[in-house]
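Only this structure's heavy atoms are used, side chains among them; waters, hydrogens and symmetry mates stay out. Proteins come first, then strands; the chains are lettered A, B, ... in the order of their sequence lines, and each starts at number 1.
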Amino acid sequence: MRWFWIDRFLEFESGRRAVAVKNVSYAEEQIPDYALSMPIMPGSLILEGMAHTGGLLVAENGGFLHRVVLAKVGKILFHDYATPGDQLIYTSEIQAFQPRGALVHSTAHLDGLLMAEADVVFAHLDERFAGIQLYDPAEYLGILRSYRLFEVGIRSDGRPIEVPEHMLDAERRWLDTERQRCAKQSP
Amino acid sequence: MPTHDEVFEKVRTALVDALGVDDDEVTPESTMVGDLGAESIDFLDIVFRLEKAFGIEIPRAELFPDDVLTSAEYVQDGKVTEAGLVELEKRMPFADLSKFKENPAVQEFGNMLTVDDLCRYVVSKVGAS
């Protein structure tokens with residue numbers, strides 16, 4: 001199972017800024033279990049959503065070719081807490097980007113008020129981690145589509161962000177494999 | 001062109017934000033690892049903040065030449081060789097290597113770099129009045 005800590009992107013400006021929404025629901029396992037008699041969204045998972053938003057912003061800026069990992073949370077402040085029925089808006093902005101990684105400032109807003117803010121450092125895994133694949137590329141693309149990244153995403157010149165060719169290739173290969181598997185199973 | 005005091009103040013802000021230390025803990029003589037508790041991933045954070053604060057680009061291994069420290073050519077039995085020390089001096093003209101030369105153990109290298117060294121590095125990139 002993969003963790004999904006945002007619901008979808010609302011805005012996505014390549015190399016600059018991304019805005020995502022997270023709806024907090026009592027149906028989520030962690031909400032009733034985290035603090036007895038006080039159903040709140042754990043701060044660590046709000047941070048996860050903020051990092052998720054920023055990490056994908058960093059990954060897209062590198063054409064989804066780098067293996068991006070959360071390296072460090074430099075500073076995090078919580079000003080409030082979120083409960084079931086709340087809608088969190090995560091905004092991430094790239095402060096610095098280079099071949100080694102990126103520094104991102106992320107915020108969470110609730111009802112227009114700042115509820116959390118963090119500085120997050122992301123690193124690109126280098127040759128010391130050769131052979132390690134973080135995601136199946138076709139599955140990764142499926143997640144990005146679910147997040148509607150390619151529906152709202154724009155480049156600095158206003159043109160839409162297109163699905164990278166290497167991801168489309170992976171998706172085609174996965175579809176071919178699935179077709180062959182289904183053909184074998186059909187009577 | 002910034003003054004040396006302005007360079008120091010910006011470096012101090014970068015270190016306070018990256019390392020979560022108090023303003024008064026950051027002095028020119030503070031060592032990055034020993035006094036301020038910087039770990040390897042913090043150096044990436046610090047590089048990002050210095051680049052943003054001064055509008056400069058810090059190429060990989062220019063500020064922290066870890067390629068020298070992990071090179072079989074320059075390190076033997078855990079110590080930087082004479083040739084390695086020459087290379088470090090060439091690559092790090094902003095740093096005072098005299099103390100490190102007394103015991104050039106690789107593990108001691110992180111303890112050598114001071115806030116003043118960082119400031120000198122920044123000045124070498126942007127100049128100062």
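The shortest non-hydrogen separation linking B:F48 to A:A102 is CZ-N, 3.1 Å.
Evaluation of the side chain to side chain donor-acceptor pair (under 3.5 Å) rule for B:D116 yields B:R120 as partners, not counting sequence neighbours. Taking the ring-ring contact (aromatic ring centres under 6.0 Å, His included) definition, one finds that B:F109 meets it with B:F100, sequence neighbours left out. Residues that satisfy the ring-ring contact (aromatic ring centres under 6.0 Å, His included) test with B:Y121, not counting sequence neighbours, are B:F94.
The cluster map of Ile, Leu, Val, Met, Phe, Trp and Tyr, joined by side-chain heavy atoms under 4.5 Å apart, puts A:F4 and A:F12 in the same cluster. Note: the hydrophobic cluster containing A:L65 does not contain A:V58 (ILVMFWY, side chain heavy atoms under 4.5 Å, direct or indirect links).
Within a 6.0 Å sphere centred on CG of B:D24, heavy atoms belonging to other residues, nucleotides or ligands number more than 12.
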Here's a test: name every donor-acceptor pair under 3.5 Å between chain B and chain A, with the distance for each.
{"from": "B:A18", "atom 1": "O", "to": "A:K72", "atom 2": "NZ", "distance (Å)": "2.5"}
{"from": "B:D42", "atom 1": "OD1", "to": "A:K72", "atom 2": "NZ", "distance (Å)": "2.7"}
{"from": "B:D45", "atom 1": "OD2", "to": "A:K72", "atom 2": "NZ", "distance (Å)": "2.7"}
{"from": "B:R49", "atom 1": "NH2", "to": "A:D119", "atom 2": "OD2", "distance (Å)": "3.2"}
{"from": "B:E51", "atom 1": "OE1", "to": "A:Q98", "atom 2": "NE2", "distance (Å)": "3.0"}
{"from": "B:E51", "atom 1": "OE2", "to": "A:Q98", "atom 2": "NE2", "distance (Å)": "3.0"}
{"from": "B:K52", "atom 1": "NZ", "to": "A:Q95", "atom 2": "OE1", "distance (Å)": "2.8"}
{"from": "B:I58", "atom 1": "O", "to": "A:R100", "atom 2": "NH2", "distance (Å)": "2.8"}
{"from": "B:R60", "atom 1": "NH2", "to": "A:D126", "atom 2": "OD2", "distance (Å)": "3.1"}

